[in-house]
Amino acid sequence: MSRALSAVKGMNDILPEEIGRWHAFEGRFRAAVELFGYSEIRVPIIEATPLYVRSVGEGTDIVDKEMYSFVFHDEPLTVRPEGTAGVVRAYVEHQLAAKEPTSRVYYLGPMFRGERPARGRYRQFYQAGCEVFGDAGPGVDAEMIDMLVRFFASLSIDGLEVLVNSLGGKGTKAAYRERLVAYLRPMQAELSEDSRRRLETNPLRILDSKHERDQAAIAGAPSVLDCIDDDDKRHFDRLLELMTKLGTPFRVEPRLVRGLDYYARTLFEIKGRGGDLGAQNTLCGGGRYDGLVEELGGTPGIPSIGFALGIERILLASTFGADQATASVFVAPLGERAGAEALVLGRELREAGIKTLVETRGGSLKAMLRRANAVGARLALVVGDGELDRGVVQLKDLAAHAQADVTRDSLVAAVREKLA
RNA sequence: GUGGCCGUAGAUCAGCUGGUAGAUCAUCGGAUUGUGGCUCCGAGUGUCGUGGGUUCGAAUCCCAUCGGUCACCCCA
């Protein structure tokens with residue numbers, strides 16, 4: 001539909017009819033991660049642009065072309081494209097490292113990236129994520145992945161696929177990068193245009209290319225796992241051992257890389273298949289970013305790991321039901337006197353904690369009862385002149401097709417009993 | 001950002017090789033002036049995504065544009 005005013009491309013309204021599933025998801029997510037000791041942290045949606053340039057990294061697509069950046073009173077600002085950078089900034093700024101040995105936080109909220117929208121990919125999209133600071137793993141790594149797999153399964157998402165890899169720490173990451181470039185350079189003529197450009201800017205990303213021209217080159221590329229040092233290797237092997245012990249399904253994918261620079265060591269991604277999920281089937285991505293706290297000015301040596309999951313994608317991939325918001329009681333008044341009384345009745349019921357909808361528009365009784373059914377009410381209260389004169393209300397059990405007059409005084413109790 | 005496909009009532013769609021619109025569901029009303037979910041009857045709504053062009057005449061052809069979607073890309 002074309003209107004004079006419409007939402008900005010790639011940004012969507014979440015309407016009342018859909019919000020139930022969002023609430024359901026949010027509730028389940030909070031419950032699931034709080035069980036593991038995570039506490040919510042809320043950080044601003046706008047941060048200084050250099051924060052993202054330094055953490056996500058120059059040469060990444062996010063920083064190079066997808067950020068909503070602007071200058072406000074001479075200050076370069078960016079609407080957050082991801083959640084980790086802001087959380088790390090807050091962790092460093094408030095010196096949480098000095099207050100507790102490890103910190104576990106989670107967040108929930110909108111992120112913004114100027115990509116071309118498609119199913120499961122929007123310019124304003126919602127992520128939920130967790131971060132753990134101060135634990136070098138690999139126990140947390142395994143616990144975190146297992147937590148996610150179980151959480152997704154509880155949401156009845158099928159076809160889950162867990163991919164894990166290790167990029168190695170700072171030193172080995174750089175060494176591998178050189179080795180990869182040395183391998184690819186001789187065959188650069190055969191590579192796709194994008195990959196040729198990335199050879200200079202971000203060679204690791206070439207491994208992730210689905211371009212047909214790149215497949216042969218990628219297949220023969222040296223594996224990161226052959227380049228990582230002994231420490232990294234021990235960490236990774238222990239992670240796999242723990243996941244096996246937990247029974248968490250996984251697949252080692254040596255070509256798994258991410259589009260953000262801060263990752264090091266453990267890297268994982270969880271994909272889904274079912275539901276209405278389209279081509280954008282990565283439900284969750286995460287990994288270690290051991291050097292980031294120091295990079296952003298925090299205490300050196302504080303390790304960290306985290307993940308972010310895409311809420312829209314989870315909603316597309318799953319079938320769990322919405323939180324119900326329908327009214328329990330529908331009040332149908334006939335006439336003006338009853339209309340006034342209906343408001344009073346409604347107030348009494350709500351004060352007793354009963355979800356009540358008063359038909360303030362009036363109309364024929366037939367129409368009102370139809371509406372009572374349509375909104376999913378369990379009980380209807382019919383009030384007309386006859387009832388008012390007798391000091392009663394007609395209490396109707398919609399499912400049972402039964403009705404009885406109830407005195408005004410005993411109404412709340414009678415309704416309670418019916419709903420119990 | 002590049003390329004393909006699509007865009008008709010609130011929703012899903014029909015409308016052949018051009019003669020200015022229909023179905024189903026939903027909505028609302030009615031079927032003894034106060035009793036519902038089924039049934040029956042009735043009603044309404046559309047600048048046929050938008051703008052321009054071809055034509056006596058376009059939802060139907062052409063161009064552009066916007067939006068959606070798929071692939072690339074990217075990633076959640």
Side-chain angles (χ1 to χ4, degrees), chain A residues 1-4 6-12 15 17 56 60-66 81-84 108-129 148 192-195 197-198 202 205-206 208-214 256-260 269-272 276-286 306-317 330 332-335 338 359 361-387 394-403:
Chain A
M1 296 300 95
S2 154
R3 291 277 168 350
S6 57
V8 174
K9 181 189 179 101
M11 306 206 176
N12 304 113
L15 301 176
E17 64 183 55
V56 175
T60 62
D61 289 278
I62 292 178
V63 167
D64 287 355
K65 53 193 189 199
E66 295 173 359
E82 60 99 42
T84 299
L108 217 66
M111 306 294 163
F112 301 81
R113 288 181 205 169
E115 297 180 278
R116 178 141 172 179
R119 174 182 292 277
R121 181 173 68 189
Y122 311 100
R123 291 185 171 178
Q124 175 172 341
F125 60 103
Y126 292 78
Q127 287 189 334
L148 284 162
S192 68
E193 204 180 317
D194 283 328
S195 295
R197 184 170 40 76
R198 277 201 211 96
N202 204 343
R205 293 220 48 78
I206 296 175
D208 204 28
S209 170
K210 280 152 210 129
H211 213 105
E212 219 170 299
R213 292 186 62 172
D214 299 333
L256 178 64
V257 291
R258 321 237 83 232
L260 291 77
E269 190 167 298
I270 301 178
K271 290 171 178 291
D276 295 324
L277 208 56
Q280 264 61 52
N281 65 347
T282 299
L283 300 174
C284 169
F307 71 84
L309 56 83
I311 301 181
E312 287 91 344
R313 292 184 187 178
I314 302 286
L315 260 24
L316 286 170
F330 188 93
L334 287 154
E359 179 49 279
R361 298 179 308 172
S364 72
L365 183 57
K366 174 181 292 192
M368 289 193 286
L369 288 174
R370 254 184 205 169
R371 187 161 153 72
N373 270 320
V375 301
R378 289 173 59 193
L379 302 175
L381 298 182
V382 179
V383 200
D385 288 335
E387 284 78 9
Q394 184 183 94
L395 173 59
K396 209 171 166 57
D397 185 326
L398 290 164
H401 261 283
Q403 58 197 44

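What you are looking at is a predicted structure, and each value in this text was computed from that prediction instead of being measured.
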Give one of base, sugar-phosphate or nothing for [X], where a contact means two heavy atoms less than 4.0 Å apart.
X        : value
A/Tyr122 : base
A/Asp61  : sugar-phosphate
A/Ala367 : sugar-phosphate
A/Gly386 : base
A/Lys9   : sugar-phosphate
A/Glu387 : base
A/Ala372 : nothing

Heavy atoms only: give me the nearest [X]-[Y] pair and the separation to one decimal.
X        : Y        : answer
A/Leu334 : A/Met368 : CD2-CE, 4.0 Å
A/Ala380 : A/Leu369 : CB-CD2, 4.0 Å
A/Leu148 : A/Cys284 : CD1-SG, 3.7 Å

Tell me which nucleotide among [options] gets nearest to the side chain of [X].
X        : options                : answer
A/Arg205 : B/rG34, B/rC75, B/rG36 : B/rC75
A/Gln127 : B/rG34, B/rC70, B/rA76 : B/rA76
A/Leu369 : B/rU35, B/rC75, B/rU2  : B/rU35
A/Ile62  : B/rG34, B/rC75, B/rC70 : B/rC75
A/Pro117 : B/rG68, B/rU2, B/rA76  : B/rG68
A/Leu365 : B/rA76, B/rU2, B/rG34  : B/rG34
A/Asp208 : B/rC75, B/rG68, B/rU35 : B/rC75
A/Val382 : B/rG36, B/rG3, B/rG34  : B/rG34

Is there a donor and acceptor pair closer than 3.5 Å between the side chain of [X] and the base of [N]?
X        : N      : result
A/Glu269 : B/rA76 : no
A/Gln403 : B/rG36 : no
A/Arg370 : B/rG30 : yes
A/Arg313 : B/rC75 : yes
A/Arg121 : B/rC73 : yes

Side-chain heavy atoms of [X] within contact of [Y], under 4.5 Å:
X        : Y        : result
A/Glu312 : A/Arg121 : no
A/Gln124 : A/Asn12  : no
A/Val56  : A/Glu82  : yes

Can you tell me, in whole Å, how much space there is between the [atom1] of [N] and that of [M]?
N      : M      : atom1 : answer
B/rA21 : B/rC40 : P     : 29 Å
B/rG1  : B/rU39 : P     : 49 Å
B/rU47 : B/rG51 : P     : 11 Å
B/rA43 : B/rU54 : C1'   : 40 Å
B/rC61 : B/rC16 : P     : 9 Å
B/rG67 : B/rA26 : P     : 34 Å
B/rU8  : B/rG22 : C1'   : 10 Å
B/rU45 : B/rG52 : C1'   : 28 Å

Whole-Å distance separating the [atom1] atom of [X] from the [atom2] atom of [N]:
X        : N      : atom1 : atom2 : value
A/Met11  : B/rG68 : CE    : C1'   : 16 Å
A/Leu148 : B/rA76 : CG    : P     : 13 Å
A/Leu334 : B/rU35 : CG    : P     : 10 Å
A/Glu82  : B/rC75 : CD    : C1'   : 12 Å
A/Glu115 : B/rC73 : CD    : P     : 13 Å
A/Ile206 : B/rC72 : CD1   : P     : 17 Å
A/Arg123 : B/rC73 : CZ    : C1'   : 14 Å
A/Asp64  : B/rG1  : CG    : C1'   : 13 Å

Spatial distance of atom [atom1] ([X]) from atom [atom2] ([Y]) [nearest 0.5 Å]:
X        : Y        : atom1 : atom2 : answer
A/Arg313 : A/Tyr126 : CZ    : OH    : 15.5 Å
A/Arg113 : A/Glu66  : CZ    : CD    : 6.5 Å
A/Leu283 : A/Leu316 : CG    : CG    : 9.5 Å
A/Phe125 : A/Met11  : CZ    : CE    : 10.5 Å

Exercise. Map every base of RNA chain B to its dot-bracket character, where paired means a Watson-Crick or G-U wobble contact with both distances under 3.5 Å and | marks a partner outside the strand.
Key: (((((((..((((........)))).(((((.......))))).....(((((.......))))))))))))....
Exercise. Take A/Gly120 and A/Gly10, find for each the nucleotide of RNA chain B with the closest heavy atom, and name the residue whose nucleotide sits nearer the 5' end.
Key: A/Gly10
Practice problem: Please tell me which of A/Gln394 and A/Leu283 maps to the more 5' nucleotide of RNA chain B, matching each residue to the nucleotide holding its nearest heavy atom. | Solution: A/Gln394
Exercise. Apply the test salt bridge (Lys or Arg N to Asp or Glu O under 4.0 Å) to residues A/Arg123 and A/Glu115: give CA-CA distance (whole Å), side-chain angles for both, the deciding distance (0.1 Å), then the verdict.
Key: CA-CA 6 Å; A/Arg123 291 185 171 178; A/Glu115 297 180 278; over 6 Å; no
Please check the phosphate of [N] (OP1 and OP2 only) for any side-chain N or O of [X] closer than 4.0 Å.
X        : N      : result
A/Arg119 : B/rC70 : yes
A/Ser364 : B/rG34 : no
A/Lys366 : B/rU35 : no
A/Ser209 : B/rC73 : yes

